[in-house]
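Just the heavy atoms: all of them, side chains too, but no hydrogens, waters or symmetry mates, feed the values below.
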Amino acid sequence: MAIKMTVDGNTAVGHVAYAFSDVAAIYPITPSSPMAEVVDEWAARGQKNLYGQSVHVSEMQSEAGAAGAVHGSLAAGAMTTTFTASQGLLLMIPNMYKISGELLPSVFHVSARALAAHALNIFGDHSDVMACRQTGFAMLASNSVQEAMDLAAVAHLATIESSVPFLHFFDGFRTSHEVQKIDAFEYEELRPLVNFDKVKAFRENALNPEHPHQAGTAQNPDIYFQGREAANKYV
């Protein structure tokens, strides 16, 4: 049974991201910071997620560091997420190519915001997320606080199912900070929807000296192209 919550878009997304994540690697940037703040608050209280544990929250020194931490955490077999916007998202692009190319399930939640061009602007457009279309991330856009919660869940469920990482975005301030009464998921409602076999397979594929595998190679075009083509069936 869904519960009624009166929340803003950031809190709605944080509620879902907390449920699905072992780790959240974060760095604050307006207007996405409240997503990380609520996740950090719930973790400090010892709130349990779908895996029966609290989320490990790690604040890095920049968004580039946060994206690197997400990549490393995923390679180690932890379901990992992050929250960002604008220039912060641009700093994550190199790692996004790696996460996508390595078919690592993850969700980046973005409260979309204008990029600094001739001047800094903290208000709304989608120039940040549009710069990520080539990374290989699937993209989902939410248009209200209710959609922000619903599509956050779709993104997390779909990334587990497909191994394709997702970028879930919504308007900075217009949706991220708008307060609405919504139907919210209880974690026990989400549990039957999760493919825990896929979660188990993801964890078992983590880097491990007991069963090593090759990663991070350099390849000539003929081999590199075959790898890129092999990933298409997942998309």
Between [X] and [Y], is any pair of side-chain heavy atoms under 4.5 Å apart?
{"X": "Leu167", "Y": "Val110", "value": "yes"}
{"X": "Ser100", "Y": "Thr135", "value": "no"}
{"X": "Ser32", "Y": "Ile29", "value": "yes"}
{"X": "Phe173", "Y": "Glu178", "value": "no"}

Please report whether the ring centroid of His126 lies less than 6.0 Å from that of Phe169. yes

Is the centre of the Phe108 ring less than 6.0 Å from the centre of the Phe166 ring? no

For [Y], is there any backbone N or O sitting under 3.5 Å from a side-chain donor or acceptor partner on [X]?
{"X": "Ser111", "Y": "Ser176", "result": "no"}
{"X": "Asp125", "Y": "Asp171", "result": "no"}
{"X": "Arg113", "Y": "Thr30", "result": "yes"}
{"X": "Thr11", "Y": "Val7", "result": "no"}

Do you know the tightest heavy-atom contact between [X] and [Y]?
{"X": "Pro31", "Y": "His177", "answer": "O-CE1, 3.3 Å"}
{"X": "Ala184", "Y": "Met5", "answer": "CB-SD, 3.1 Å"}
{"X": "Leu151", "Y": "Ala141", "answer": "CD1-O, 3.3 Å"}
{"X": "Ser106", "Y": "Thr81", "answer": "OG-CA, 4.4 Å"}
{"X": "Tyr27", "Y": "Ser62", "answer": "CD1-N, 3.6 Å"}
{"X": "Glu63", "Y": "Pro28", "answer": "OE2-O, 3.8 Å"}

Are [X] and [Y] connected, step by step, through hydrophobic side chains (Ile, Leu, Val, Met, Phe, Trp, Tyr) whose heavy atoms are closer than 4.5 Å?
{"X": "Val16", "Y": "Val107", "answer": "no"}
{"X": "Met139", "Y": "Ile160", "answer": "yes"}
{"X": "Leu115", "Y": "Phe123", "answer": "no"}
{"X": "Phe202", "Y": "Phe196", "answer": "yes"}
{"X": "Val164", "Y": "Val129", "answer": "no"}

Which distance, rounded to the nearest 0.5 Å, do you find between the [atom1] of [X] and the [atom2] of [Y]?
{"X": "Asn10", "Y": "Met35", "atom1": "CG", "atom2": "CE", "answer": "4.5 Å"}
{"X": "Leu74", "Y": "Leu103", "atom1": "CG", "atom2": "CG", "answer": "12.0 Å"}
{"X": "Asp150", "Y": "Phe185", "atom1": "CG", "atom2": "CZ", "answer": "4.5 Å"}
{"X": "Thr84", "Y": "Asp128", "atom1": "OG1", "atom2": "CG", "answer": "8.5 Å"}
{"X": "Glu161", "Y": "Leu193", "atom1": "CD", "atom2": "CG", "answer": "10.5 Å"}

Contacts of Asn220 that satisfy side chain to side chain donor-acceptor pair (under 3.5 Å) - sequence neighbours left out: none

Please enumerate all residues that pass side chain to side chain donor-acceptor pair (under 3.5 Å) together with Ser142, with sequence neighbours excluded. His168

For residues 87-95, which side-chain N or O atoms pair as donor and acceptor with protein atoms under 3.5 Å away, sequence neighbours left out?
{"residue": "Gln87", "atom": "OE1", "partner": "Ala116", "partner atom": "N", "Å": "2.4"}

Just distance, no hydrogens or angles: give the donor-acceptor pairs under 3.5 Å from side chains in residues 43-54, sequence neighbours left out.
{"residue": "Arg45", "atom": "NH2", "partner": "Glu41", "partner atom": "OE2", "Å": "2.4"}
{"residue": "Lys48", "atom": "NZ", "partner": "Gly46", "partner atom": "O", "Å": "3.3"}
{"residue": "Asn49", "atom": "OD1", "partner": "Tyr51", "partner atom": "N", "Å": "2.9"}
{"residue": "Asn49", "atom": "OD1", "partner": "Gly52", "partner atom": "N", "Å": "3.3"}
{"residue": "Asn49", "atom": "OD1", "partner": "Gln53", "partner atom": "N", "Å": "3.2"}
{"residue": "Asn49", "atom": "ND2", "partner": "Ser21", "partner atom": "O", "Å": "2.7"}
{"residue": "Asn49", "atom": "ND2", "partner": "Gln53", "partner atom": "O", "Å": "3.4"}
{"residue": "Tyr51", "atom": "OH", "partner": "Phe20", "partner atom": "O", "Å": "2.9"}
{"residue": "Gln53", "atom": "NE2", "partner": "Asp22", "partner atom": "OD1", "Å": "2.6"}
{"residue": "Ser54", "atom": "OG", "partner": "Gly46", "partner atom": "O", "Å": "3.3"}
{"residue": "Ser54", "atom": "OG", "partner": "Gln47", "partner atom": "O", "Å": "3.2"}

Heavy-atom neighbours of Gln61 CD exceed 12 at 6.0 Å: no

For residues 224-235, tabulate all N or O donor-acceptor pairs below 3.5 Å that involve a side-chain atom, not counting sequence neighbours.
{"residue": "Gln226", "atom": "NE2", "partner": "Asp222", "partner atom": "O", "Å": "3.3"}
{"residue": "Glu229", "atom": "OE1", "partner": "Asn232", "partner atom": "ND2", "Å": "3.3"}

Mind telling me whether Trp42 and His15 have parallel, tilted or perpendicular rings, with 30° and 60° as the class edges? perpendicular

Acceptor/donor pairs from residues 204-211 side chains to any protein atom, 3.5 angstrom cut, sequence neighbours excluded:
{"residue": "Glu204", "atom": "OE2", "partner": "Lys200", "partner atom": "NZ", "Å": "2.6"}
{"residue": "Asn208", "atom": "OD1", "partner": "Glu210", "partner atom": "N", "Å": "2.7"}

Strictly below 4.0 Å, N to O, side chains only: are Lys4 and Asp183 in salt-bridge contact? yes

